[in-house]
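In what follows, a single structure is set out as structure tokens and then discussed.
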Amino acid sequence: MLIFNTLTGREEEFQPLQSGRVRMYTCGPTVYNFAHIGNLRTFVSQDLLRRWLLYRGYQLTHVMNVTDVDDKTIANACERGVSLEEYTAGYAQAFFEDCRRLRLQQPERVAYATRHIPEMVELVEKLLEKNLAYRQDGSIYYRISAFPKYGRLSHLDPDQLQIGHSVEADEYSKDNPRDFVLWKAPKEGEPSWETRVGRGRPGWHLECSAMSMKYLGDSFDIHGGGVDLIFPHHENEIAQSEGVTGAPFVKYWFHTEHLVVDGEKMSKSKGNFYTLRDLLDKGFDPLAIRYLLLSTHYRKPLNFTLEGILQAAAALRSLNNFLLLVRTCRDAAAGNPRIGEILQQALARFESAMDDNLNISGALGAVFDARYDLNALAESQGLFAGDRERILTTFGKFNALLDSLDLEGEDTTDAQVRELIQARSDARRNRDFKRADEIRGQLLQRGVILEDTRDGVRWKRIG
RNA sequence: GGCGCCGUACCCAAGUGGUAAGGGAGAGGUCUGCAAAACCUUUAUGCAUCGGUUCGAAUCCGAUCGGCGCCUCCA
């Protein structure tokens, strides 16, 4: 399997440090607000990666952090007049609700920054010992000039970095304006911890170094996040971790491109800023949103539109309608050897596309082509029991990534629905169409749609 | 100024040297008591533009135009 590595700027053959086992860390949310659709795109792409690793049989340990202490969480909690814990707990819970709605698999471990203060302090102590960090006005900073590899991930030359407008060189009393803070001096009215390096609170970058190494070791396989984190966040993590251990921190860096909305950068002032909740309130299907976020390659900018959600919903519907056909079309007398061929080819195409740096569009092309070929056979010849099983098994494999397909079928034990459908069929047979339409209306109110086909009545629930 | 992503049909989107996957929408059709759904057919002599290399280029090289991002706490 090939995977693009930001560190080398190339696609590389994926070879975990320990054979058969993958250790992965991804930067999770800062819980100062509801996650927006751009945040969620990144998490969906990480979900696709973890699902593909599992598909390929790796034993996976995936750790995701939750940043529950930083400038924004503190400021917002303060503004609302609640404690930091109370404030962040609500948004953390909301985040995991969003993840469930989008069918994101839970990482093996979720790590909260505020529960790992001792581990962070330990790192700071070691960096001080090695003279990679220094104290200044109660804060502790990382001395970038002492870490020659600084800039290797982002391919930036530290000497050529422009100092941003927001940071006046003399605003901080740092040796070098590019040095970043490891430990912040306490401020009146802000949460702080009494620790061996003094009272204060951690800088943002520190948690990811501390928690990833605690759970995954000094060196691990994959570290992911949005492209905006390449610099400075991930660059700083490398400086912190490798500064302490001297060992290579991460083998493969996995970064997801941003999404834009209607071709423009998402921003609250433009009115094109969406959270998942906003979209669900408008009546959009969370699985269609999952499909939309999933179906563009993770290293390409994704243009998110409401129209796109509807297109995704239609694509998903057509796959599920196909599966309905597979389950309900008339029985063939014998198995069709063509079906095995079609499935085998489709699966091979699907897998080789995914192995090629998670080429999900190519993989989906294989899925839809299989649907097309199989539809023609099922419509014209019906399906043998063994054919049905094989089709559902293969689509079950596709669904290991999509997690949006109806493989099981509807609840056929709903006696009332069954009775109504039967009653309508009887009415139709007696050419009592008024009665039949009446029953169809009743079923529709229960959320059941009927399809009259040559092979009998099919029904499904409205999504 | 430095670093990076991108430009393929009405919309979304694969394809990185061998003659344009797939999805949506539109149009036509099949089925049907009707409707809906489903299914089938169809839709780029063309891949931002201009040069070049090649038997052959969306793919490689050069230039140009355009969109987006990062360059100290933003996924």
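Each chain gets a letter, A, B and so on, in the order its sequence line appears, and its residues count up from 1.
With rounding to whole Å, His234(A) atom NE2 is found 13 Å from C74(B) atom P. Atom pair Glu257(A):CD and G7(B):P shows a separation of 11 Å (rounding to whole Å applied). Here G23(B) presents its C1' atom at 16 Å from CD1 of Ile309(A), a figure rounded to the nearest Å. Atom CZ of Phe231(A) and atom C1' of C70(B) are 9 Å apart (whole Å). Rounded to whole angstrom, the span from the OH atom of Tyr150(A) across to the C1' atom of C3(B) amounts to 14 Å. The distance between atom CG of Asp228(A) and atom P of C74(B), rounded to the nearest whole Å, is 9 Å. Ile230(A) has its CD1 atom 10 Å from the C1' atom of G69(B), to the nearest Å. Nucleotide C3(B) holds its C1' atom 16 Å from the CZ atom of Arg152(A), rounded to whole Å.
Judged by Watson-Crick or G-U wobble contacts below 3.5 Å, the nucleotide G22(B) has C12(B) as its partner. Remark: C70(B) base-pairs with G2(B). Criterion, Watson-Crick or G-U wobble with two distances under 3.5 Å. Of all nucleotides present, only C65(B) satisfies the Watson-Crick or G-U wobble test against G7(B), with each distance under 3.5 Å. Under the Watson-Crick or G-U wobble criterion, with both distances below 3.5 Å, C60(B) is paired with G52(B). Pair assignment for G28(B): C40(B), on the basis of Watson-Crick or G-U wobble contacts that are both within less than 3.5 Å.
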Practice task
Check the pair Arg424(A) / Asp452(A) against salt bridge (Lys or Arg N to Asp or Glu O under 4.0 Å), numbers first and verdict last.
Solution key: CA-CA 11 Å; Arg424(A) 175 171 170 278; Asp452(A) 296 325; 2.9 Å; yes
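Between Phe231(A) and Tyr150(A), the ring-plane angle classifies as perpendicular under the 30° and 60° cut-offs. Under the 30°/60° scheme for interplanar angles, the aromatic rings of Phe95(A) and Phe43(A) are found to stand perpendicular. Note: Tyr25(A) and His223(A) have tilted aromatic rings, judged against thresholds of 30 and 60 degrees for the angle between ring planes.
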Problem - Summary of protein contacts for nucleotides 33-39 of chain B, nucleotide by nucleotide, where a base hit scores B, a sugar-phosphate-only hit scores S (4.0 Å, heavy atoms) - result: BBBBSSS
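Here, G4(B) and G62(B) have their P atoms 14 Å apart, quoted to the whole Å. U49(B) and C10(B) are spaced 13 Å apart, taking the P atom of each and rounding to whole Å. Remark: the separation of the C1' atoms in U41(B) and C50(B) is 39 Å, to the nearest Å. A9(B) and C61(B): their C1' atoms are spaced 28 Å apart (whole Å). Spacing between U54(B) and C3(B) at atom C1', rounded to whole Å, works out to 33 Å. For A63(B) and C73(B), the C1' atoms lie 40 Å apart once the distance is rounded to whole Å. Nucleotides G2(B) and U43(B), compared at atom C1', are 45 Å apart to the nearest Å. Only the C1' atoms considered, A20(B) is 45 Å distant from G33(B), to the nearest whole Å.
At the heavy-atom level, Leu310(A) lies nowhere under 4.0 Å from the strands shown. Within 4.0 Å (heavy atoms only), Thr256(A) reaches no atom of the nucleic acid at all. Heavy atoms of Arg349(A) sit under 4.0 angstrom from primed sugar atoms or phosphate atoms, though from no base atom. At a threshold of 4.0 angstrom between heavy atoms, the contacts of Gly225(A) are confined to the sugar-phosphate backbone, with no base atom among them. Within the nucleic acid shown, His36(A) comes within 4.0 Å of at least one base atom, counting heavy atoms only.
Both tests hold for Arg299(A) against Phe4(A): distance to the six-membered ring centre under 6.0 Å, angle to the ring axis within 45°.
Aromatic ring centres of Phe368(A) and Tyr372(A): separated by at least 6.0 Å. Checked against the 6.0 Å centroid criterion, the rings of Phe220(A) and Phe249(A) qualify as a close aromatic pair.
Between Glu451(A) and Asn321(A), the shortest heavy-atom contact is OE2-OD1, 4.1 Å. When every heavy atom of Thr296(A) is checked against every heavy atom of Arg41(A), the shortest pair comes out as O-NH2, 3.7 Å. Leu405(A) approaches Asn399(A) most closely through the heavy-atom pair N-OD1, 3.0 Å.
Applying the 4.0 Å criterion to OP1 and OP2 of C73(B), one finds that Asn236(A) has every side-chain N and O outside that range.
Between Thr296(A) and Ala312(A), the residue whose closest nucleotide on RNA chain B is further toward the 5' end is Thr296(A). Residues Gly203(A) and Gly365(A) both approach RNA chain B. Their nearest nucleotides, taken by heavy-atom distance, put Gly365(A) toward the 5′ side.
The side chain of Leu156(A) lies closest to C3(B) when the candidates are C3(B), C73(B), A25(B). Across C3(B), G24(B), A75(B), the shortest atom-to-atom separation from the side chain of His155(A) is found for C3(B). Each of A21(B), A75(B), C5(B) was ranked by its minimum atom distance to the side chain of Pro301(A); first place goes to C5(B). If you check A75(B), G7(B), G2(B) against the side chain of Lys300(A), the one that comes closest is G7(B).
Not a single donor-acceptor contact under 3.5 angstrom links the side-chain atoms of Ser361(A) to the base of A13(B). Checked by distance alone, Gln311(A) brings a side-chain donor or acceptor within 3.5 Å of a matching partner on the base of C11(B).
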